[in-house]
Amino acid sequence: MKKLIALSCLFGGIFGSAQSQESYTLAENTAKSSFSIVTKKVTYDDHLMAAQSFNMSAIESFNDIDGYVILKKLVAIPEEGSGYTIEKLTHSKAFLNPRAKTILEKIANKFLEENSATITVTSLTRSEESQASLRRVNSNAAKGESSHNYGASFDLSYTKFNNKYSYSKTHRDNLEEILKQLQEDGKIYYIKEYKQHCFHVTVRNPEQFKSTTM
């Protein structure tokens, strides 16, 4: 009987360990906890919560943007900057919150320095109205509120570099490495979108990051 119990515990432990390991199988991107070696898959809910943490209401209409600029909640993003170009926008406007602007510039400058090439921004801040309109032509657009509605998110193409379409696995992988490092540092969340061939990036609020790691 003791041998049966011992064997049962042994196999139970092995099975439990296998289940635990399977539960945390890495997906396309993950977020690390500073107090645990466990990693978890980043979801769109994580992006939305991060965007909402900047204490800014969702932008209902593009007419609201001027008010947020006056309040210094949003800043304009030039069409071209060091290391990046914004493509022609149809459902978003070239505005971000100040921290998101800083992170975008950091990504672009690092990519330019390491690859002698520029990245392409395909989407920035959307209103709830434009989000609903986009959803009619892009099934990948989030239903309901999106992190894009808070000025904290932007999309980076992984098929368009130097302001032209080109397949460069090296450029794509190098861009993702930059994003992975920023995510591990608690600066951003990112998700690789396949239908739109872009990385969806949301900047994290330092205060929110502190509260989740204390």
Side-chain angles (χ1 to χ4, degrees), residues 29 47 50-51 53-54 56 59 62-127 130-131 134 138 140-141 146-193 196-206 209:
N29 54 86
H47 283 249
S53 73
F54 285 94
M56 176 177 154
I59 298 170
F62 285 140
N63 294 330
D64 299 334
I65 287 180
D66 288 343
Y68 283 117
V69 170
I70 293 172
L71 293 172
K72 298 183 179 180
K73 295 281 189 178
L74 293 176
V75 292
I77 310 300
E79 290 185 8
E80 290 188 10
S82 177
Y84 76 87
T85 299
I86 299 176
E87 71 173 21
K88 184 177 180 180
L89 303 174
T90 58
H91 293 84
S92 68
K93 297 292 184 180
F95 292 86
L96 290 171
N97 72 37
R99 182 166 177 79
K101 179 178 184 288
T102 298
I103 293 294
L104 171 59
E105 291 171 343
K106 181 175 183 176
I107 294 169
N109 281 317
K110 186 171 181 61
F111 186 84
L112 178 63
E113 179 184 343
E114 295 178 353
N115 300 272
S116 299
T118 61
I119 58 176
T120 302
V121 184
T122 59
S123 186
L124 296 103
T125 295
R126 301 174 192 156
S127 67
S130 69
Q131 183 74 15
L134 177 62
N138 175 9
N140 207 46
S146 163
S147 56
H148 282 285
N149 299 150
Y150 293 87
S153 295
F154 49 87
D155 294 341
L156 304 177
S157 172
Y158 55 76
T159 59
K160 194 173 185 180
F161 299 95
N162 291 322
N163 206 25
K164 63 182 180 180
Y165 286 101
S166 62
Y167 177 77
S168 173
K169 185 177 184 301
T170 299
H171 284 167
R172 181 194 68 195
D173 291 347
N174 288 349
L175 176 56
E176 185 163 15
E177 278 302 311
I178 294 172
L179 299 180
K180 280 182 178 179
Q181 187 58 58
L182 285 171
Q183 181 165 265
E184 290 177 3
D185 293 342
K187 303 294 178 60
I188 68 166
Y189 287 132
Y190 85 93
I191 286 178
K192 186 176 184 179
E193 297 183 353
Q196 301 306 310
H197 296 163
C198 70
F199 294 113
H200 173 69
V201 180
T202 300
V203 173
R204 296 185 65 186
N205 186 334
F209 179 62

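Worth knowing before you read on, the calculation uses all heavy atoms, side chains too, and leaves out hydrogens, waters and symmetry mates. A quick note: this is a predicted structure, and the numbers were derived from the prediction, not measured.
Going from atom NE2 of H171 over to atom OG1 of T159 covers 13.0 Å, rounded to the nearest 0.5 Å. Remark: I119 CD1 to I86 CD1 distance equals 10.5 Å, nearest 0.5 Å. For the atom pair CG of L71 and CE of M56, the computed distance is 9.5 Å after rounding to the nearest 0.5 Å. Atom OG1 of T85 sits about 12.0 Å away from atom CZ of F161, to the nearest 0.5 Å. If you take OH on Y189 and NE2 on H47, they are separated by 8.0 Å, rounding to the nearest 0.5 Å. The OG1 atom of T125 sits 12.5 Å away from the OH atom of Y150 when rounded to the nearest 0.5 Å.
Scanning all heavy atoms of the two residues, the minimum distance from R204 to R99 falls at O-NE, 3.0 Å. Contact record, F154 with L96: CD2-CD1, 3.9 Å, taken as the closest heavy-atom pair. Of all heavy-atom pairs spanning L179 and I188, the tightest one is O-CD1, 3.5 Å. T202 and A50 get closest at one heavy-atom pair: CG2-CB, 4.1 Å. P78 and A76 get closest at one heavy-atom pair: CD-O, 3.8 Å. Considering every non-hydrogen atom in both K72 and P98, the closest pair reads O-CG, 3.8 Å.
No close placement of the Y68 and F95 rings is indicated, their centers lying 6.0 Å or farther apart.
Within the 3.5 Å criterion, the main-chain N or O of C198 finds no donor-acceptor partner in the side chain of D155. A donor-acceptor pair is defined here as one N or O able to donate and one able to accept, closer than 3.5 Å; no such pair exists between the side chain of R126 and the backbone of H91. The backbone N or O of L74 lies less than 3.5 Å from no partner atom in the side chain of N97, so there is not a single donor-acceptor pair. Judged purely by atom type and a 3.5 angstrom limit, Y158 uses its side chain to pair as donor or acceptor with the backbone of E193.
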Using the rule given for side-chain contact (heavy atoms from CB on, under 4.5 Å), can you reason through K192 versus R172, listing the C-alpha separation, both sets of side-chain angles and the distance that settles it, and then say yes or no? CA-CA 11 Å; K192 186 176 184 179; R172 181 194 68 195; 4.1 Å; yes
Take K110 and K106 through the side-chain contact (heavy atoms from CB on, under 4.5 Å) test and state the conclusion after the steps. CA-CA 6 Å; K110 186 171 181 61; K106 181 175 183 176; 5.6 Å; no
Check step by step if side-chain contact (heavy atoms from CB on, under 4.5 Å) holds for S82 and L112. CA-CA 8 Å; S82 177; L112 178 63; 4.0 Å; yes
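Between the side chains of H200 and S147, at least one donor-acceptor pair of N or O atoms lies under 3.5 Å. Checking Q181 against D185 by side-chain atom types alone, a donor-acceptor pair falls below 3.5 Å.
The cationic atom of K160 (NZ for Lys, CZ for Arg) lies less than 6.0 Å from the six-membered ring centre of Y165 and within 45° of the ring axis.
With a 6.0 Å radius and a threshold of 12 heavy atoms from other residues, nucleotides or ligands, E79 has its CD atom at or below the threshold.
Comment: E105 engages K101 in a salt bridge, judged by a side-chain N to carboxylate O separation of less than 4.0 angstrom.
Residues Y84 and I77 form a side-chain contact, since some pair of their non-hydrogen atoms from C-beta on lies under 4.5 Å apart.
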